[in-house]
**Q** 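Sharing a structure with you now.
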Amino acid sequence: MNEKLLKPYDPKETEDRIYKLWEKGGFFAPEAHQHRTDNPNSEKSYTIVLPPPNVTGALHMGHALNSTIQDILIRKKRMEGYKTLWLPGTDHAGIATQNVVEKKLKKEGITRHDLGKEKFLEKVWEWKEEYGDKILGQLKKLGASCDWSHTRFTMDEDYQKAVEKAFLSYYEKGLIYQGERVINWCKRCQTSLSDLELEYEEEKGNLYYINYPLKDDTSRFVSVATTRPETMLGDTAVAVNPKDDRYKDLIGKIITLPIANREIPIIADIAIDKDFGTGAVKVTPSHSIIDSEIGERHNLPKLKIIDQYGKMAKEAGEEFEGLSSKDARDKVIEKLKELNLLEKSEEHTHRVSKCYRCNSVIEPQPSNQWFLKMKGLADKTKEAIESGKVMFNDEKWKKVTLDWLSNIRDWCISRQIWWGHKIPLEGTDDVLDTWFSSALWPFATLGWPNACTQNKNTCTPQSGTDLEQFYPTQVISTARDIINLWVVRMIFSGLEFMDDTPPFTNIIIHPTVLAKDGRRMSKSLGTGVDPIDLIDKYGADATRFGLIYQMMGNQDMKFDESHLLAGKKFANKLWNIARFVLQNANEKIKDQNAKLQFKMENLTKEDKEILEKLDAVTKSVNKDIEEYNFGQALHTLYDFIWHDFADVYIEYSKSKETEDVKKVLYLSLTSILKLLHPFMPFITEEIWGTVPVKDKKPLIIETWPI
RNA sequence: GAGCCUUUAGCUCAGUGGUAGAGCGUUACAUUGACAUUGUAAAGGCCGGUGGUUCAAUCCCACCAAGGCUCACCA
């Protein structure tokens with residue numbers, strides 16, 4: 001027996017060594033299957049693109065879980081003889097990365113404006129080099145069998161060309177347009193944001209009821225309810241529902257807007273809910289997206305009274321100019337009280353939209369931006385999902401996604417930040433929404449558009465290119481919070497640019513890893529867990545085990561470290577099982593390779609039972625992995641290995657040292673190692689290295705036992 | 001406001017129309033023989049609440065409660 005097995009298993013020493021063995025052997029490359037002679041899958045490719053982590057920070061538990069899921073799939077397919085490619089990379093993450101670099105500079109007392117654009121971008125690139133490599137290094141620690149020679153970054157030179165090409169292609173088709181519209185504006189980041197880049201928080205505030213006097217009869221009022229009285233300075237109408245009997249006679253009448261003393265009309269619009277507030281709404285077309293839509297329908301003038309920093313603008317009136325909106329609000333209320341026009345105020349909880357990157361309150365603003373028309377692209381995407389060309393692992397996401405696509409607005413794709421892809425047209429310094437480039441990930445990473453045949457609107461890949469070999473991919477695995485931001489956009493981008501071929505067939509939305517108390521894991525809450533610490537403490541295999549063992553169904557999981565302890569114990573158990581079996585494997589077995597023959601009639605009841613169970617376990621584990629029930633597969637293996645094989649059969653074998661028993665032990669061990677390898681790749685590879693098999697290959701490229 | 005999910009042992013979770021299961025934790029006993037990161041055994045649950053369907057409900061249905069998620073232009 002190999003002397004290694006006589007010592008206890010040491011993950012720290014083993015894991016780095018094994019990982020190097022795999023890398024040196026070139027086993028992560030798609031060609032790793034070529035050593036096989038009899039391989040029915042040799043022509044089939046199996047591709048997964050890693051959701052590129054942002055270069056903002058470090059690996060978190062979600063990455064660890066997601067990478068383990070993808071690694072399980074890739075390792076199994078590799079063992080099955082497929083031409084596998086797991087393509088890694090990182091995302092430049094526009095606003096997020098610009099913000100972290102700005103924060104770092106702030107500690108040194110400088111702003112990006114002090115540095116200037118060019119110098120600032122140099123700093124961001126330095127950051128990217130440091131953190132981009134770091135996070136990929138952490139994936140290696142976890143055992144991720146990515147093909148590192150295919151590593152991509154969303155701002156690689158080729159990738160930038162792909163982004164340019166995609167933009168111009170939309171533009172030439174008339175799908176991208178520029179226009180002045182009210183958009184979501186982050187006054188901290190000084191940029192526009194798409195509807196998806198907002199987060200909502202409940203806030204307690206007040207609902208103020210203000211009396212607006214009629215011009216012709218100053219004794220009559222229309223009472224309007226608002227949470228933001230200061231915006232009345234920009235009102236250009238009051239709107240009521242056309243079916244609201246209370247106001248029918250007032251439609252078309254004129255109101256004298258208090259404080260500003262402007263004349264504004266009372267209009268009728270179906271967007272108004274009769275039952276909320278007073279049923280009459282002040283309309284501020286410049287500072288509310290809904291109001292701007294009402295304004296467009298009625299050709300209302302726009303009055304921009306709040307500037308890009310959230311301060312009152314000149315148009316708000318001299319006495320308000322320069323005030324913060326809070327101060328302006330206080331002042332407006334004071335004035336209304338003086339005028340005796342504040343009818344009442346009541347407590348009101350409402351949802352405030354905030355920037356998903358810096359948490360500042362969003363200030364809707366009219367702004368000249370670029371938009372991508374969504375209707376047609378959304379319809380294509382819906383068709384692909386409805387017809388089953390792309391499938392979610394859980395039906396509920398299908399429904400949610402289709403609903404979202406049915407109510408979609410045009411996508412504001414321009415951002416006023418410095419870090420990102422420049423809009424490839426003259427006359428603008430804007431960059432693109434970071435998700436515009438992420439949307440191209442499944443094909444831009446594979447050589448699109450250079451790998452396409454010439455003179456075609458859609459792409460037919462040239463023979464032999466990565467694009468031809470590895471597109472479409474088979475499965476994408478990601479977190480639920482980026483289904484709309486990313487997954488949907490990849491689908492329509494694939495359909496648009498790759499000849500109606502969706503970028504993947506299956507979508508795995510994995511559980512969210514929560515802290516044990518059910519709260520979100522986050523650094524600022526102090527609830528975060530660093531997967532690298534866990535790997536140090538338990539080993540990568542045990543960390544993977546702990547995560548997958550807890551992943552039953554698609555429920556979010558409250559992360560419990562005790563499962564990692566179970567994984568560590570299990571690794572030890574496996575190590576000792578191997579030690580026992582290999583101590584007992586005699587010379588004869590060593591010569592016979594893994595294909596051991598039995599005479600069934602000679603086997604005992606116990607022999608037959610364990611072999612039958614092994615067969616059943618092999619089949620169910622295979623099926624569970626194919627159906628993405630990873631937790632279930634691991635439970636099955638755990639129970640079989642520990643309780644059926646070790647507790648029962650190994651104990652039995654001690655009293656019955658026949659040739660057949662040794663064969664059964666040996667055969668079971670080799671199958672177990674193979675079945676367990678996708679889940680716990682390091683220890684299984686290490687043990688495999690000591691197993692006496694003829695013409696043995698590393699386990700990572702051995703044959704899957706079914 | 002609409003939709004969805006969860007509730008089972010101290011903790012994290014499986015599960016089934018007919019005596020309730022795992023891991024971790026706890027308790028007792030066992031140790032030079034693959035493994036104390038072990039083995040054997042034990043304690044521990046009116047399966048969130050109330051009604052209904054059924055011979056029979058933790059499971060199916062309705063309602064309620066608590067917690068969570070997603071979407072939406074309620075000012």
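Each chain gets a letter, A, B and so on, in the order its sequence line appears, and its residues count up from 1. Computed over heavy atoms, backbone and side chain alike; hydrogens, waters and symmetry mates excluded.
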**Q** Can you tell me whether the side chain of Glu651(A) and the base of rA34(B) have a donor-acceptor pair closer than 3.5 Å?
**A** yes
**Q** Nearest of rC24(B), rA14(B), rC11(B) to any side-chain atom of Ser562(A)?
**A** rC24(B)
**Q** Write down the distance separating the C1' atoms in rU32(B) and rU38(B), rounded off to the nearest Å.
**A** 14 Å
**Q** Rounded to whole Å, how long is the line connecting atom CG of Asp647(A) with atom P of rA22(B)?
**A** 13 Å
**Q** Between Asp639(A) and Trp642(A), just flag the one whose closest nucleotide in RNA chain B comes earlier from the 5' side.
**A** Asp639(A)
**Q** Say you pick atom P in rG21(B) and the same atom in rA34(B); how far apart are they, in whole Å?
**A** 32 Å
**Q** So does Lys537(A) pair up with Asp533(A), basic N to acidic O under 4.0 Å?
**A** no
**Q** Cut-off 3.5 Å, side chains only: do Glu197(A) and Tyr356(A) have a donor facing an acceptor?
**A** yes
**Q** Just to be sure I understand the rule, does Ala239(A) reach a base, reach only the sugar-phosphate, or reach nothing, if contact means heavy atoms closer than 4.0 Å?
**A** nothing
**Q** Check Gly567(A) against Phe545(A) and note the closest heavy-atom contact, atom names and distance.
**A** CA-CD2, 3.2 Å
**Q** Verify whether one side chain among Asn206(A) and Ser345(A) offers a donor that lies under 3.5 Å from an acceptor in the other.
**A** no
**Q** Measure from the side-chain heavy atoms of Gln583(A) and tell me the nearest of rG39(B), rA34(B), rU37(B).
**A** rA34(B)
**Q** Which letter, B, S or -, goes with each nucleotide of nucleotides 66-75 of chain B from 5' to 3', with contact meaning a protein heavy atom under 4.0 Å?
**A** ---SSBBBBB
**Q** With rounding to the closest Å, how many angstrom separate the C1' atoms on rC5(B) and rC13(B)?
**A** 16 Å
**Q** Return the value, rounded to whole Å, for the distance between atom CG of Asn576(A) and atom C1' of rG33(B).
**A** 13 Å
**Q** Is the centre of the Phe221(A) ring less than 6.0 Å from the centre of the Tyr212(A) ring?
**A** no
**Q** Start at the 5' end of RNA chain B and walk down; is the nucleotide closest to Ala646(A) or to Tyr638(A) reached first?
**A** Tyr638(A)
**Q** Report which part of the nucleic acid Phe570(A) touches: base, sugar-phosphate, or nothing (heavy-atom distance under 4.0 Å, all strands).
**A** nothing
**Q** Would you measure the distance from the C1' atom in rA72(B) across to the matching atom in rG67(B) and give it in whole Å?
**A** 23 Å
**Q** Would you mind reading off the distance between Lys569(A) atom NZ and rG23(B) atom P, rounded to a whole angstrom?
**A** 10 Å
**Q** Looking at the base of rC4(B), is there any donor atom on it, or on the side chain of Lys396(A), that sits under 3.5 Å from an acceptor on the other one?
**A** no
**Q** So, Lys274(A) and Asp244(A), do they make that salt bridge, N to O below 4.0 Å?
**A** no
**Q** Between rG18(B) and rG51(B), how far is it from one C1' atom to the other, in whole Å?
**A** 22 Å
**Q** Take atom CD of Gln555(A) and atom C1' of rG15(B), then tell me their distance rounded to the nearest Å.
**A** 14 Å
**Q** With distance as the sole criterion, is a donor-acceptor pair present between the side chains of Lys399(A) and Thr401(A) under 3.5 Å?
**A** no
**Q** Could you state the CD1-C1' distance from Ile650(A) to rG33(B), rounded to the nearest angstrom?
**A** 14 Å
**Q** Salt bridge between Lys354(A) and Glu199(A), side-chain N to carboxylate O under 4.0 Å?
**A** no
**Q** For a quick check under 3.5 Å, do Asn576(A) and Tyr9(A) share a side-chain donor-acceptor pair by atom type?
**A** no
**Q** If the C1' atom of rU70(B) is compared with that of rC63(B), how far apart are they to the nearest Å?
**A** 24 Å
**Q** Specify the separation, in whole Å, of atom CZ of Arg579(A) and atom C1' of rA34(B).
**A** 6 Å
**Q** Is there a donor on the side chain of Lys654(A) or the base of rA34(B) sitting less than 3.5 Å from an acceptor on the other?
**A** yes
**Q** Need one value for Ile289(A): base, sugar-phosphate or nothing, where a base atom within 4.0 Å counts as base even if backbone is also close, heavy atoms only.
**A** nothing
**Q** For the C1' atoms, the ones on rU58(B) and on rA41(B), what distance do you get once it is rounded to whole angstrom?
**A** 28 Å
**Q** Using the P atoms only, state how far rU31(B) lies from rC35(B), rounded to an integer number of Å.
**A** 15 Å
**Q** Could you check whether Trp411(A) and Asp433(A), counting side-chain N and O atoms only, form a donor-acceptor pair closer than 3.5 Å?
**A** yes
**Q** Which part of the nucleic acid, if any, lies within contact of Lys568(A), taking any heavy atom under 4.0 Å across all strands shown: a base, the sugar-phosphate backbone alone, or nothing?
**A** base
**Q** Can you find a side-chain donor-acceptor pair between Tyr208(A) and Glu346(A) that sits under 3.5 Å?
**A** no
**Q** When the distance from CD1 of Ile641(A) to P of rA22(B) is rounded to whole Å, what number comes out?
**A** 18 Å
**Q** Hey, does Tyr549(A) reach any base, or is it just sugar-phosphate, or nothing, if we go heavy atoms under 4.0 Å?
**A** sugar-phosphate
**Q** What's Ile294(A) touching, base or sugar-phosphate or nothing? Going by heavy atoms closer than 4.0 Å.
**A** nothing
**Q** Do Trp397(A) and Phe392(A) have their ring centres less than 6.0 Å from each other?
**A** no
**Q** Which dot-bracket string describes RNA chain B (Watson-Crick N1-N3 plus N6-O4 or O6-N4, or G-U N1-O2 and O6-N3, all under 3.5 Å; [ ] crossing; | other strand)?
**A** (((((((..((((....[..)))).(((((.......))))).....(((((..]....))))))))))))....
**Q** Rounding to a whole Å, what distance do you find between Leu564(A):CG and rC13(B):C1'?
**A** 15 Å
